[in-house]
Visitor: 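Starting off with a structure, shown below.
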There are 2 protein chains.
Amino acid sequence: MNIGQAAQASGVSAKMIRYYESIGLIPKTVRTEAGYRVYSDHDVHTLRFIRRSRDLGFSVEQIADLVSLWQDRERASKDVKAIALEHVTVLERKIRELQEMASTLTHLARNCHGDTRPHCPILEELANDEAERAHAKPDAKFGVLGKVSAR
Amino acid sequence: MNIGQAAQASGVSAKMIRYYESIGLIPKTVRTEAGYRVYSDHDVHTLRFIRRSRDLGFSVEQIADLVSLWQDRERASKDVKAIALEHVTVLERKIRELQEMASTLTHLARNCHGDTRPHCPILEELANDEAERAHAKPDAKFGVLGKVSAR
DNA sequence: ACTTGACCTTCCCATGATTGGAAGGACTAA
DNA sequence: TTAGTCCTTCCAATCATGGGAAGGTCAAGT
């Protein structure tokens with residue numbers, strides 16, 4: 001099976017398959033004489049595992065852990081559970097942050113006439129120099145959502 | 001006021017102030033003879049406006065719109081409201097996606113013993129070749145959260 | 001046998017917001 | 001004068017993904 005077929009069958013784009021190989025998430029494949037990558041059903045199975053994990057918002061780093069646990073028949077289920085629950089914690093934090101943003105904005109918008117006149121409480125609040133509102137101050141590095149990013 | 005003081009006063013890092021200048025979100029400042037950027041209280045006020053907007057998850061592009069509406073005394077409040085409400089829609093979609101991920105994972109984890117034995121429903125489900133679960137399939141380009149990213 | 005079109009290869013670039021760091025100049029207080 | 005803190009610009013990295021170019025390969029149809 002060529003990379004295009006493996007992509008089709010797994011739901012992971014050919015681009016991403018090559019990328020996953022380059023970062024070592026999946027091993028290097030066998031190649032044909034012409035240099036084409038060749039995939040087995042087993043490889044596709046692994047790719048599907050990866051895609052499902054991405055759909056659940058796991059980072060590539062976490063997925064690497066999950067894949068190796070998956071392939072380890074001696075693994076302890078608590079190790080898997082720990083990764084999952086830690087991820088849930090992160091997701092829930094992000095959900096809370098987004099909810100705060102949404103509710104603040106909804107509140108502001110509700111007080112804005114939304115007509116052709118210039119008066120606008122939304123802008124007034126954004127410009128308000130007083131009162132550091134007690135709102136979402138996500139972690140700096142990746143932003144509120146930076147790290148989650150599922151496909 | 002130098003850039004460091006403006007950063008302190010506005011809550012926007014010096015790095016980001018330079019970046020915002022480079023992309024045209026804020027105008028180029030006056031410089032001292034030595035090339036140091038000089039900021040006024042008014043500039044700091046604008047930077048605060050920007051930071052508040054970022055805290056609410058607006059993209060730099062949206063903030064550019066908001067800033068120009070803010071500085072336009074003739075603006076129609078409906079234009080501002082439209083930006084805000086559109087953003088709320090996006091936030092709410094992301095919230096829903098994250099909630100689906102979290103609830104799927106929570107459900108799976110609840111069925112996982114989390115002990116030292118290898119049996120693990122979480123991995124089983126991730127590896128499950130059947131049934132495309134009806135779960136979060138965010139838009140491809142930026143991922144579930146890609147675009148939101150507040151500081 | 002030859003052409004066409006679909007596929008594959010590698011390599012580089014862009015995204016978005018943000019931080020880090022290097023190399024070097026400017027300023028300030030002791 | 002010197003140390004230390006600030007400023008400057010430029011370049012790189014983050015994370016996951018897609019776009020596209022330049023060129024090789026393959027299979028099917030003429």
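Throughout, protein chains are lettered first and strands after them, A, B, ... in sequence-line order, and every chain is numbered starting at 1.
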Visitor: Would you tell me if any nitrogen or oxygen in the side chain of A/S13 comes within less than 4.0 Å of OP1 or OP2 on D/dG18?
Guide: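 Indeed, a polar side-chain atom of A/S13 lies that close.
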
Visitor: Nearest to the B/A34 side chain among C/dA26, C/dT18, C/dC8, which nucleotide is it?
Guide: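 Of the candidates, C/dA26 comes closest.
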
Visitor: Please report the distance, rounded to the nearest Å, between NZ in B/K28 and P in D/dT9.
Guide: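 Checked: the NZ to P distance equals 10 Å.
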
Visitor: Below the 4.0 Å mark, does D/dA16 have OP1 or OP2 next to a side-chain nitrogen or oxygen of A/Y20?
Guide: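 So the side chain of A/Y20 is outside the cut-off, no N or O lying under 4.0 Å from OP1 or OP2 of D/dA16.
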
Visitor: Nearest whole angstrom, please: distance from the P of D/dC7 to the CD of B/E33.
Guide: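 About 18 Å, once rounded to whole Å.
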
Visitor: Can you tell me how the ring of A/H113 sits relative to the ring of A/H119, calling it parallel under 30°, perpendicular over 60° and tilted otherwise?
Guide: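 A/H113 and A/H119: tilted rings.
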
Visitor: Answer yes or no: is there a donor N or O on one side and an acceptor on the other, between the side chain of B/S77 and the main chain of A/P118, under 3.5 Å?
Guide: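 A pair under 3.5 Å: no.
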
Visitor: Scan side-chain atoms only and decide if A/D43 and A/T29 contain a donor-acceptor pair under the 3.5 Å cut-off.
Guide: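 Side-chain D/A pair, A/D43 to A/T29: absent.
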
Visitor: Hey, which of these two, B/T32 or B/V60, hits DNA chain C nearer its 5' end, going by closest nucleotide?
Guide: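 Going by which nucleotide is closer to the 5' end, it is B/V60.
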
Visitor: Among the nucleotides C/dC11, C/dA17, D/dA16, which one has an atom lying closest to any side-chain atom of A/M16?
Guide: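 Of all the options, the side chain of A/M16 is nearest to D/dA16.
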
Visitor: If you only use heavy atoms from C-beta on, which nucleotide in D/dG20, D/dG18, C/dT19 is closest to the side chain of A/K15?
Guide: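 The closest nucleotide is D/dG20.
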
Visitor: From the set C/dA17, D/dC26, D/dT17, return the single nucleotide nearest to any side-chain atom of A/Y19.
Guide: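 My answer, after comparing the listed nucleotides, is D/dT17.
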
Visitor: Measuring from the side chain of A/R54 (C-beta onward, heavy atoms only), which nucleotide among D/dT17, D/dC7, D/dG18 has the closest atom?
Guide: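 Between D/dT17, D/dC7, D/dG18, the one nearest the side chain of A/R54 would be D/dT17.
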
Visitor: For the NE2 atom on B/H107, are there more than 12 heavy atoms of other groups (residues, nucleotides or ligands in this structure) within a distance under 6.0 Å?
Guide: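 Incorrect, the count does not exceed 12.
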
Visitor: Among the nucleotides C/dC8, C/dT10, D/dT9, which one has an atom lying closest to any side-chain atom of B/R37?
Guide: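 Looking only at side-chain atoms, B/R37 lies closest to D/dT9.
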
Visitor: Just how far, in rounded Å, is P of D/dA16 from CG of A/D55?
Guide: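 In whole Å, D/dA16 P and A/D55 CG are 14 Å from each other.
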
Visitor: Picking from D/dA16, D/dT25, D/dT9, which would you name as closest to the side chain of A/Y36?
Guide: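 So the side chain of A/Y36 is nearest to D/dT25.
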
